[in-house]
> 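Questions regarding the structure given below will be posed in turn.
Proteins get letters first, then strands, A, B, ... in listed order; numbering begins at 1 in each.
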Number of protein chains: 2
Amino acid sequence: MPTSPDDSTEVRIQKAAKTIFTRKGLAGARMQDIADEAGINKALLHYYYRSKQKLFEMIFEEKLIELFTNLQVILESDLPFDEKIKSFIEKESDLLSEFPSLPIFVLSEAWQNPDYVERLLQTLPIKLIREKFKKLHKEAADGDITHEIPFHQFMINMMSMIIYPIVARPLIMPLFGLDEKDFANLMEQRKSIISKILLENKPKDM
Amino acid sequence: MPTSPDDSTEVRIQKAAKTIFTRKGLAGARMQDIADEAGINKALLHYYYRSKQKLFEMIFEEKLIELFTNLQVILESDLPFDEKIKSFIEKESDLLSEFPSLPIFVLSEAWQNPDYVERLLQTLPIKLIREKFKKLHKEAADGDITHEIPFHQFMINMMSMIIYPIVARPLIMPLFGLDEKDFANLMEQRKSIISKILLENKPKDM
DNA sequence: GTCTATAGGCGGATAGAC
DNA sequence: GTCTATCCGCCTATAGAC
């Protein structure tokens, strides 16, 4: 999402704020950085968004939703259980390859202000998601599967194996001596590995 | 590691800096916070450590090492492969239950300054660790096992399933509607689940 | 070694011209 | 709507007394 001179000022501010906040976090970001990135003056930021905090919250809420969008889409789909899982792994991996800083941004800010995030999550369609989780869970338990793992643990395994390597990339690359291309290959290769492991260890009734 | 009035000033500063930096990060931490936490004056911080940056780097390096200590200990042990894995899962899970903010701290700062972290990792006994990885890998490949997964992927799976749930705790707890105790139980229950999954999906020759 | 006081600069926010 | 100029508080760092 590159900042384009064709965009309206408001859109340019939003794009710039996304870039700077996701890169530096709330505490590390400077209003001047955002203004520079947007190609406007600092004062104009305050004209559109009263404070740094307000601007940040708009961005954060959008990014938090972004992180769960694929999950919601998959939960709503009509695919059979195994296909739901495969499809989610595929889509989420691709999203994170394109925006690798998304999860570390959301997670660090979540640690900085867990109460705010908890309140936010409650305003999102979290009950709806829970309902769909239940449905998903029922599908898994009804199918011809091994029923081995509590449902929460299954979800945590899935999210962990998809998201963590991206979050830990700055450690993994030097530790394993990988360059960008090696790492991208590793991530691509993971898709089928994660799928295999998850479908061998499906949820059972809680 | 509570700050005790019995400690020397230097130790009090170190403990306080760990507390504040791991909680707020480099950009979010204030020298005044650290001074207050240590029960001393701000100026004294600069007497012991010339700058905020120096103080931070001392803490960060220690925390980075802490995150890999268990791995190193296990790699050096004489246990058979399966026992090495089980023992690591146990020890690392316990460490993270005691210091849950450790990984998010290291990871967010690693994203803030990947070049610094890469240089740091190179000064650590990283080659030694690589050697031991190879040894571990050889053990796995020699044993009576399924040889299914590339070694790097195996290591990433292990680290992901142990560390990610702790990192994502501020999202997982509200999403699943868990309190502290529920979450602790979930983590305890994970130990055997992770162990089972990993030992069913061991590394093969690369 | 430890303190008080303060320098010096940065950064968020606002006033006011255009 | 957009800019320049500026205010003011905060924060790192240092000077200097004890």
Side-chain angles (χ1 to χ4, degrees), chain A residues 1-63 105 108-109 111-113 116, chain B residues 1-63 105 108-109 111-113 116:
Chain A
M1 196 175 349
T3 315
S4 147
D6 292 349
D7 293 326
S8 72
T9 300
E10 186 159 14
V11 169
R12 293 232 305 284
I13 290 177
Q14 287 173 9
K15 288 185 180 177
K18 276 175 208 169
T19 304
I20 301 300
F21 277 133
T22 52
R23 186 183 300 153
K24 309 232 189 172
L26 172 60
R30 300 287 158 249
M31 292 298 265
Q32 187 63 60
D33 299 338
I34 298 174
D36 291 349
E37 176 76 21
I40 54 155
N41 191 279
K42 222 175 35 164
L44 211 45
L45 295 178
H46 289 91
Y47 175 79
Y48 282 90
Y49 301 88
R50 201 166 316 148
S51 67
K52 183 186 180 186
Q53 186 67 30
K54 294 275 175 208
L55 181 53
F56 170 79
E57 288 178 4
M58 197 205 52
I59 305 300
F60 180 79
E61 291 174 32
E62 197 177 315
K63 292 292 167 186
F105 167 68
S108 2
E109 301 300 336
W111 273 86
Q112 284 312 308
N113 206 339
Y116 164 61
Chain B
M1 196 178 348
T3 315
S4 145
D6 293 350
D7 292 325
S8 72
T9 300
E10 186 158 14
V11 170
R12 293 232 304 285
I13 290 177
Q14 288 174 8
K15 288 186 179 177
K18 277 175 208 170
T19 303
I20 301 300
F21 277 132
T22 51
R23 185 182 302 154
K24 309 233 190 172
L26 172 59
R30 298 291 157 244
M31 292 297 263
Q32 187 63 58
D33 298 338
I34 299 174
D36 291 348
E37 176 77 21
I40 56 155
N41 191 280
K42 226 175 29 164
L44 211 45
L45 295 178
H46 289 91
Y47 175 80
Y48 281 90
Y49 301 89
R50 202 168 316 147
S51 67
K52 183 187 180 185
Q53 188 66 30
K54 294 275 175 209
L55 180 53
F56 171 79
E57 288 179 3
M58 196 204 53
I59 304 300
F60 180 79
E61 293 174 31
E62 197 178 315
K63 291 292 167 185
F105 167 68
S108 4
E109 300 301 336
W111 273 85
Q112 284 312 308
N113 206 339
Y116 163 61

> In whole Å, what is the span from the NZ atom of B:Lys52 to the C1' atom of C:dC10?
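For the pair B:Lys52 NZ and C:dC10 C1', the rounded distance is 12 Å.
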> Using side-chain heavy atoms (C-beta onward) and a distance below 4.5 Å, is B:Ile20 in contact with B:Arg23?
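Yes, side chains in contact.
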> Send over the distance from B:Asp36 CG to C:dT2 C1', rounded to a whole Å.
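Distance, rounded to whole Å: 16 Å.
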> Please classify the nucleic acid contact of B:Ala29 as base, sugar-phosphate, or nothing, using heavy-atom distances under 4.0 Å.
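If one applies the 4.0 Å heavy-atom cut-off, B:Ala29 turns out to touch the sugar-phosphate alone, with no base involved.
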> Measure NZ/A:Lys54 against C1'/C:dG12 and give the value in whole Å, please.
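One finds 15 Å between C1' of C:dG12 and NZ of A:Lys54, rounded.
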> Categorize A:Ala35 for me: base, sugar-phosphate, or nothing, with a 4.0 angstrom heavy-atom threshold over every strand shown.
nothing
> Looking at A:Tyr47, I'd like to know whether one of its side-chain N or O atoms comes within less than 4.0 Å of OP1 or OP2 on C:dA13.
no
> Does some side-chain heavy atom of A:Lys63 sit less than 4.5 Å from a side-chain heavy atom of A:Lys18?
yes
> Can you check nucleotides 5-9 of chain D for protein contacts, nitrogen or oxygen pairs under 3.5 Å, and list what you find?
none

> The side chain of B:His46 is closest to which nucleotide in this list: D:dC11, D:dG1, D:dA13?
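For B:His46, the side-chain atoms sit closest to D:dA13.
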> Using OP1 and OP2 only, check whether a side-chain N or O of A:Arg30 sits under 4.0 Å from C:dG12.
yes
> Name all residues meeting the side-chain contact (heavy atoms from CB on, under 4.5 Å) criterion together with A:Thr9; count only those two or more places apart in sequence or in a different chain, and write none if there are none.
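A:Thr9 satisfies side-chain contact (heavy atoms from CB on, under 4.5 Å) with A:Ile13, A:Ile40, A:Leu44, A:Tyr48 only.
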> Of the nucleotides D:dT14, C:dG1, D:dT2, which one has an atom closest to the side chain of B:Arg50?
D:dT14
> Excluding sequence neighbours, so at least two apart, what forms side-chain contact (heavy atoms from CB on, under 4.5 Å) with B:Arg30?
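Once residues adjacent in sequence are excluded, the partners of B:Arg30 under the side-chain contact (heavy atoms from CB on, under 4.5 Å) criterion are B:Asp33, B:Lys52.
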> For the helix from C:dG1-D:dC18 to C:dC18-D:dG1, what angle lies between the axis at the first five pairs and the axis at the last five pairs, to 10 degrees?
10°
> How long is the gap from OH on B:Tyr47 to CG on B:Asn41, to the nearest 0.5 Å?
14.0 Å
> List in chain and number order the residues that pass side-chain contact (heavy atoms from CB on, under 4.5 Å) with A:Tyr116, two or more places apart in sequence or in another chain; answer none if no residue qualifies.
A:Glu57, A:Phe60, A:Glu61, A:Asn113, A:Arg119, A:Leu120
> List the residues meeting side-chain contact (heavy atoms from CB on, under 4.5 Å) with A:Gln32, not counting sequence neighbours, and say none if there are none.
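With sequence neighbours excluded, A:Gln32 shows a side-chain contact (heavy atoms from CB on, under 4.5 Å) to A:Ala35, A:Asp36, A:Lys42, given in chain and number order.
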> How close or far is atom P of D:dC3 from atom CD of A:Gln32, stated in whole angstroms?
12 Å
> To the nearest angstrom, how far is B:Leu45 atom CG from D:dT14 atom P?
13 Å
> Check the distance between C:dG12's P and A:Ile34's CD1 and give it to me in whole angstrom.
8 Å
> Between B:Ser51 and D:dT12, is there a side-chain N or O to OP1/OP2 distance below 4.0 Å?
no
> Hey, are the side chains of B:Phe21 and B:Glu109 touching, using non-hydrogen atoms and a 4.5 Å cut-off?
no
> For A:Tyr49 and D:dT2, give me the distance from atom OH to atom C1', rounded to whole Å.
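Going from A:Tyr49 (OH) to D:dT2 (C1'), I get 16 Å.
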> If I take atom OG1 from residue B:Thr19 and atom NZ from residue B:Lys24, how far apart are they, to the nearest 0.5 angstrom?
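Result: 12.0 Å between the selected atoms.
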> What is the distance from CD1 of A:Ile20 to P of C:dG12, rounded to the nearest Å?
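After rounding, the reported distance stands at 12 Å.
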> Could you walk me through whether A:Leu26 and A:Gln112 satisfy the side chain to side chain contact (heavy atoms under 4.5 Å, CB included) test, starting with their C-alpha distance in whole Å, then the side-chain angles of each, then the deciding distance to 0.1 Å, before giving a yes or no?
CA-CA 9 Å; A:Leu26 172 60; A:Gln112 284 312 308; over 6 Å; no
